[in-house]
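Please read the structure below before turning to the comments.
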Amino acid sequence: MPAPIRKVVILGGGLAGWAAAAGIANSLRGADVSVTVVDASTSTGEPPAEYTLPATLKFFEYLGIREADVVRETSATYRLGTGFREWPQRGARMLRPFGAHGVDIGFIPFHHFVVRARQAGETAEFNAFSMNAAAAAHGRFMYAPPEARAPLPRLEYGLCMDRPQCTRLLRRYALTAGVREIRCAVAGVCRRKDDGFVESLLLPDDNMIDGDLFIDCSGQQALLVGEMLGVEFLDWSASLPCDRMLTATAEADASLATLLRCTAAEHGWLLEIPLQQRTVAGMLFATRYLSEEAAVARLATAGPVYTSVRRTMTTFRNGHRARFWDRNCIALGSAAGSIEPLIFSEFHLVQSGVTRLMRMFPDTACDARLAEEYNNETRGEFENARDYLLINYSAPARRDSAFWQAAGNGPRGASFKRKLDVFRSSGRLVSLENETFPTAQWTAAWISAGLWPQDYDPLLDRMDAGHLREHFSRMSAAIDAAATKLPTHDAYLSDLLGKSVQGEGPV
Amino acid sequence: MRETHATFKLGIEFVDWHRTGDAYMHPFGRYGQDLNGVAFHHYWLRRRQQDDTTPFAAYCLPQVAAKLGRFDYPDKDSRSVKSTFAYAFHFDASLYARYLRKYSEKLGVRRTEGKIVDVRQHADTGFIESVVLADGGGIEGELFIDCSGFPGLLIEGALRAGYEDWRHWLPCDRALAVSCSKLPGLPPYTRATARSAGWQWRIPLQHRTGNGHVFSSQYMDEDEAASILLDNAPGEVFAEPRLLRFTPGKRKTMWSHNCIAIGLSGGFLEPLESTSIYLIQAAIMKLIEFFPAQPFSRPEIDEFNRQMSTKFDEVRDFIILHYKATERDDSPFWKYCRSMPIPEELERRMQLFRTRGIASHRSSELFVETNWIAVYLGQQVIPAACDPRVDCLNAATIEQRLGDMKAHIRKAAEAMPTHAEFVDRHCAAGASG
């Protein structure tokens, strides 16, 4: 039987590297396995903020870090969804909350009811049936609303976090769990002759760091999986042309409470990410249509009041490695691939990859079948997330600049077309594997993009429209009333942060 | 339960599948408790490597209860060991059909008895407009559900949807069924015993026992199959065995034009894992989910067909596993099964489990991790390595935790009433509701 893995070496000490270190060290507590992070300072150029999905937070739970501590240590704010501006058309404002809208009617998903009401000429506001949307509209938040009982759903939330602080939190956690840190650049690698497995990293002083399993968190260049092992990069920029994120710090903006704001611009997006006491503003754009210099000038006049002249330019390319796991190396973070940080940022796929790796943790043989399973699942996850992002660029979204035309006319795969066609014709959702977003989130995305189904479920016709209308108008009133009773996000946050580290709060 | 003379079912016992003399159960429940986020079976595998011979079965409440002839409803409280299982029914299929007919007629469903002699289709679209009965009457419709059984009068007879034959993976194509007297003790599980060219079922009902012999006509003739069935009937036999002929496989397109095939017209898989009614219900629920309006829309029909077709493939692969993972070479039938090529996806899954104990399945699949693990381990598909994270706990702790689980499960099973008592008290046939 092949020997167990005793030495895990992580190349790269950015967010991905430390998330991997924390996750692996936590999973293997008590086992005879050493984890070493070789930090070649690849974290330069990492964007300053992270914005997560609800599912991302499970990772902290898995590590046993209390949510209140995460919020405190990463200057986080709670996120109930995404507020779009100038999208899908100029002048439009559109909120896409997390969580479900309404409640299903028997076996019929709720949104069919709204489609029927609209076809009957009624003004049915989809978001009037979302607890998240109501709370966000009022800038309110509470971990568990006291009145959140059926049919009022709980709030579903992610976080907007300070990325360096998040990295430090994970680093501290990992070091406490026994991870060794070596701050040094890497000069090369030694590979086994017969099968090309990586045996050790070569340091400039001719020292070597041996390992059984290597995690490539070296960023976009993918030093191990890309440069050394030669795994090809599959480029998606023909359908998702953005390749830069320029960020700067701005003053806090109360109107951003509980939301990530994405304003569609001529050459991409202006993102406003609320943190405690400040905002991170970012310009997501494509250098094919806007130069870096021009982006700097635009960001300076984009609206937010900037508190610092320090800017960060993050370079990326949408797409992913053909294999994420090759031989005894596994790429995580931007070494694995990038999906433009429009709805969620890098950390989500990093933690998902770490969790998957732990489920399939190999022995020193690194059986190709494990790698294949890992690669299939990860590829599915990337492709589903890509399809979800493509909704933002698909008709009827704006077409009023070269950027929007290119993004709108870019190639779409069969999977996207199938999802689109089925939803468009009848409001049904196709079933998916390795899915990042719950079906409710897909529905919210199609509808917020203006892609209303042409028809609703015909089984709805046997139900009395008046009765349903009355039922749901009571529901939306109850949602609104419940939302206004919640504390404001500010009040909730200061209350939470005022409590001692050992105090009460969400765990 | 009362109207179908039903009993409860905690699982299926497979006898003589891996080797003659071996038996294991595929129960409706979880094995043990995950520790530190690592699935239980990895700990069992580690203990096994250290020569602990405790059977996997000892860590599964429904299995222990089933072998003790006991039954109770599961507990909703997730902290209770009694929340770790589910149950199913054994019922009399013809009584169940009668029950559903009564239910439907109460809802206004109209029943017309008659033999279909012709199907009228639209000249251009091929859509079915009406069926013509032997007495000359016609029945018009906008949507037709073909439940005509194997022949698929509409889906195949009129629409030529095509059939995918799976006999190379599942050589059984005949079944002989016969009833016998009820079993003493009323076991709360089905038994499936492998025979030299197929297998035999034993299904305990309140008033009788259902028996059947599923076999391959290529490897055994009907007379021999009948005598095996009758020789092994566990009670007094009431009638002559009835013969059923089938071709395992699926209809290539289950929804064609304005016709949807549900039941045997859509496909057939032998009842080894009791999936026939499941596949019927799945098709009904899918139809409700994708219920059409005029004019019919292509993307949804394609999606319905894609999902239903996948469901058949998934169930098929799970059944093939039972035949493939065997060491039996005592008959030409078993020699064929153990060496036959299997679908690529199943091959991949089996190898993945053999490699590191990972039971891969799709999220929408009927059979999930625990089902696959039960059959893999039951048929001696043993992983070469377990999850390395099991070593985060020291050997003594693992031994103690597993010992506790086993004792706890045994105690909970012994506290349950016997299955016969339970049925008597809650749902005896003939008792008033």
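Naming: A, B, ... by sequence-line order, numbering from 1 per chain. Because the structure is a prediction, the values reported are computed rather than measured.
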Legend entry - Flag, side chain of B:Arg389 to backbone of A:Met358, donor-acceptor distance under 3.5 Å: yes
Legend entry - Exceeds 12 heavy-atom contacts within 6.0 angstrom, atom CZ of B:Arg348: yes
Legend entry - A:Arg418 versus chain B, the contacting section by heavy-atom distance below 4.5 Å: side chain
Legend entry - Main-chain N/O of A:Asp367 paired to B:Arg356 side chain as donor or acceptor, under 3.5 Å: no
Legend entry - Region of A:Leu432 in contact with chain B, defined by heavy-atom distances below 4.5 Å: backbone
Legend entry - Residue selection (most heavy-atom pairs with chain B, distance under 4.5 Å) from A:Asp461, A:Leu459, A:Asn434: A:Leu459
Legend entry - Heavy atoms of other groups near B:Arg111 CZ, more than 12 under 6.0 Å: yes
Inset, instruction - Find the one option among B:Gln307, B:Arg298, B:Glu303 whose heavy-atom pairs under 4.5 Å with chain A are most numerous. - result: B:Glu303
Inset, instruction - Against chain A, label B:Ala293 side chain, backbone, both or neither, depending on which of its atoms sit under 4.5 Å from a heavy atom there. - result: both
Inset, instruction - Measure distances from A:Gln454 to the heavy atoms of chain B and classify the residue's part below 4.5 Å as side chain, backbone, both or neither. - result: neither
Legend entry - Residue among A:Asp421, A:Val430, A:Ile5 with most heavy-atom pairs under 4.5 Å to chain B: A:Val430
Inset, instruction - Might you confirm whether atom CD of B:Gln50 has over 12 heavy atoms from other residues, nucleotides or ligands at distances under 6.0 Å? - result: yes
Legend entry - Interchain contact, A:Ile24 with chain B, by part (heavy-atom threshold 4.5 Å): neither
Inset, instruction - Tell me, yes or no, whether the heavy-atom count around B:Glu142 atom CD, taken from other residues, nucleotides or ligands under 6.0 Å, exceeds 12. - result: no
Inset, instruction - Looking only at non-hydrogen atoms, find the nearest pair between A:Phe361 and B:Pro388 and report the distance. - result: CD2-CG, 3.3 Å
Legend entry - Point-to-point distance, once rounded to the nearest 0.5 Å, from CZ of B:Phe291 to CG of A:Leu460: 13.0 Å
Inset, instruction - Please flag which part of B:Asp387 lies under 4.5 Å from any non-hydrogen atom of chain A: side chain, backbone, both or neither. - result: side chain
Inset, instruction - Check each atom of A:Pro362 against the heavy atoms of chain B and say whether the ones under 4.5 Å are side chain, backbone, both or neither. - result: backbone
Legend entry - Close side-chain approach of B:Ser363 to A:Glu435, heavy-atom, < 4.5 Å: no
Legend entry - Which of A:Ser27, A:Pro2, A:Ala365 touches chain B most, by non-hydrogen pairs under 4.5 Å: A:Ser27
Legend entry - CZ on A:Arg369 to CD on B:Gln351, rounded to 0.5 Å: 4.0 Å
Inset, instruction - Kindly indicate whether the side chain of A:Ser425, heavy atoms from C-beta on, has any atom under 4.5 Å from the side chain of B:Pro299. - result: yes
Inset, instruction - Go through A:Arg359, A:Arg428, A:Glu373 and name the one with the most non-hydrogen pairs under 4.5 angstrom from chain B. - result: A:Arg428
Legend entry - Part of B:Ser364 within contact of chain A (heavy atom distance under 4.5 Å): both
Legend entry - Portion of A:Phe107 that has a non-hydrogen atom of chain B nearer than 4.5 angstrom: side chain
Legend entry - Max heavy-atom pair count under 4.5 Å with chain A, selected residue of B:Ile358, B:Asp391, B:Thr355: B:Thr355
Inset, instruction - Look at B:Asp302, B:Leu352, B:Thr310 and state which one has the largest set of heavy-atom pairs under 4.5 Å with chain A. - result: B:Leu352
Inset, instruction - Please indicate whether B:Arg338 has more than 12 foreign heavy atoms, meaning atoms of other residues, nucleotides or ligands, lying under 6.0 Å from its CZ. - result: yes
Inset, instruction - For B:Gln294, look at atom CD and say whether over 12 heavy atoms of other residues, nucleotides or ligands are found less than 6.0 Å away. - result: yes
